[in-house]
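To start, the structure under review is shown below, and the notes come after it.
These numbers come from the heavy atoms of this one structure, side chains and all, not from hydrogens, waters or symmetry mates. Lettering follows sequence order; numbering is per chain, from 1.
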Number of protein chains: 2
Amino acid sequence: MSISQEARPPLPRRRRQTGWSTAEEIKGFIRDEGLTPGDPLPTEAELGDALGVSRSSVREAIRTLESLDIVKVRHGYGTYVGGLSLAPLVSGLIFRGSLNQDGSFRTLREVLQVRIALDLGVADELSQVYRGTTNDELRELVDEMRRRSHAGEFFTDQDGEFHRRLLSPLDNTIVRQLVGAFWEVHTCVVPMLAIPTSAAIDDTVEAHEHMLSALEEGDSLAYQEAVIQHYAPLQRSIELAVAAARDAAPLADPGVVSAGERG
Amino acid sequence: MSISQEARPPLPRRRRQTGWSTAEEIKGFIRDEGLTPGDPLPTEAELGDALGVSRSSVREAIRTLESLDIVKVRHGYGTYVGGLSLAPLVSGLIFRGSLNQDGSFRTLREVLQVRIALDLGVADELSQVYRGTTNDELRELVDEMRRRSHAGEFFTDQDGEFHRRLLSPLDNTIVRQLVGAFWEVHTCVVPMLAIPTSAAIDDTVEAHEHMLSALEEGDSLAYQEAVIQHYAPLQRSIELAVAAARDAAPLADPGVVSAGERG
DNA sequence: ATCAATTTGTTCGTATGTATT
DNA sequence: GAATACATACGAACAAATTGA
């Protein structure tokens, strides 16, 4: 496999401004060849030859693109075009939430607000799509959540699957991925919260039922109310946790330490 | 500068599963040391010694973290904790939009829907904050936009500054950064659209005025209407462009080609 | 303004682990 | 199991950029 049909001239080894542009050139290659997720890329060595840079540089560029989910590397086999997902957003936000203790609460609160805004923002479109339909699979998920809730078990998987399926009719890929990304950040950070009461859990489960029913009736407003209701228990938990953290350590600000300089 | 006071034992050079974990260890270092954006990191060589990996591996890890805006590298000087921004989201979405022609329209349409949802989602909070205030700087920005609009000039900078300042009172960092990120993607992709009519431009400018006035009156609903009005001209342009693209190339779907195999 | 020191950027060669055939 | 193709990792050397004396 070669990068272009006629082997390019050896490329005068421009030793200038390589690093940044190598990743950019690989992106350009993907764009120019019209590759789509899953398509194979040339090997690192071929890429290096074609671009006129060493394998090390190619590797660093590939690392960059890999963390952006623009390429995907299969160890010992090859490199492929990645899924172009919002994975980098997730890892970045999770890292930010893990930076300091009250940062978790802050991140959680902010993520929650975004989730609510997005869920409300697609209310009209969703209620149009679902109007007059019946959705056994979604309702089964709610039933399973209800069952597990009564049995005192977790139902994270069912919750994620419910939200994913609920938005699946949307032809807005970014909204779907964004909601999924924030759901993921959410579930990664939420365990630091106090255990919710069983009443709060029940409310959450029933809110799912209400969301689904409202959509099947094509009632956008009722759906929006159900969304608010769905997030209400979590919102209360967060407010409690924030208040508790404030009470426990009111003077916990260490100030700025050694910022910005270097010897 | 050393990673920890007492130099760690040489670390048995585990030659296994390095790559991925090196970036993770550097993140852990940042977290454990309580570093904040702008703080200096040890040099690549020191990092390699402390982590027991080669400098090449450290560099690849740093490239990963750099693309996530977790670290920032200054050539010839040092490595620092990055801004933890949503820059990777921006570059990823722009690349996605650049992949194919109608992908631009699709991306633009989806980004627009997210922007609307987010702007509407913070209506209540914003109108509470702005209620009863006067904001000369924001109004001056609108005036400048109006002036440039009449002079037939662009006012991208003023538009971005207006939205940035408008949301600045929000204590939700993620929403602010998210809105900023999508504004950026938006302005990068929008030039592929047809030139809007001067009437549409005027409408957009006046919508800014309405948004500001509604907030100063604390009228969340009026603000939401102004937001809709603000995006309406763009939404029409996009629908036109999508329709035009459909008419021009109704059979432009090449289907799935060579997805996933290699050989 | 020049020079030296420090640090990142780039390259090459080589050895090793891993997945596919 | 063997062969092949490929990614992973290391280390040393040199280039380029930045800072400060």
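In this structure, Arg59(B) places its CZ atom 14 Å from C1' of dG11(D), rounding to the nearest Å. Atom CZ in Arg55(A) sits about 13 Å away from atom C1' in dC10(D), given to the nearest Å. One can place CG of Leu47(B) at 16 Å from C1' of dG9(C), the figure rounded to the nearest angstrom. In this structure, CG of Leu41(A) is placed 14 Å from C1' of dC6(D), rounded to the nearest angstrom. A straight line from NZ of Lys72(A) to C1' of dA19(C) spans 15 Å, rounded to a whole angstrom. Between the OH atom of Tyr80(A) and the P atom of dA7(D) there is a distance of 9 Å, given to the nearest Å.
For Arg63(B) against dG9(C), a side-chain-to-base donor-acceptor contact under 3.5 Å is absent. Between the side chain of Thr79(A) and the base of dC6(D), no donor-acceptor pair of N or O atoms lies under 3.5 Å.
Residue Val73(A) has its side chain nearest to dT8(D) when only dT19(D), dT8(D), dA17(D) are considered. Here dC10(D) is the nucleotide among dA9(D), dC10(D), dT8(C) with the atom lying nearest to any side-chain atom of Val53(B). Proximity note for Ser57(B) (side chain, C-beta onward) versus dG20(D), dT20(C), dA9(D): the nearest is dA9(D). Nearest to the side chain of Ser54(A), among dA7(D), dA9(D), dT10(C), sits dT10(C).
Applying the 6.0 Å contact sphere to CD of Glu137(A) captures no more than 12 heavy atoms from other residues, nucleotides or ligands.
At dT19(D), one or more side-chain N or O atoms of Arg74(B) fall inside 4.0 Å of OP1 or OP2 (strictly under the cut-off). Between Ser56(A) and dG9(C) there is no side-chain polar atom (N or O) within less than 4.0 angstrom of OP1 or OP2.
Counted by atom type alone, Ser67(A) and Arg63(B) present zero donor-acceptor pairs between their side chains at under 3.5 Å.
Shown here are the side chain to side chain donor-acceptor pair (under 3.5 Å) partners of Ser85(B), two or more places apart in sequence or in another chain: Asp69(B). Phe162(B) is linked by a ring-ring contact (aromatic ring centres under 6.0 Å, His included) to His208(B), counting only residues two or more places apart in sequence or in another chain.
Mapped onto DNA chain C by nearest heavy atom, Val58(A) and His75(A) fall at different nucleotides, with Val58(A) at the one closer to the 5' end.
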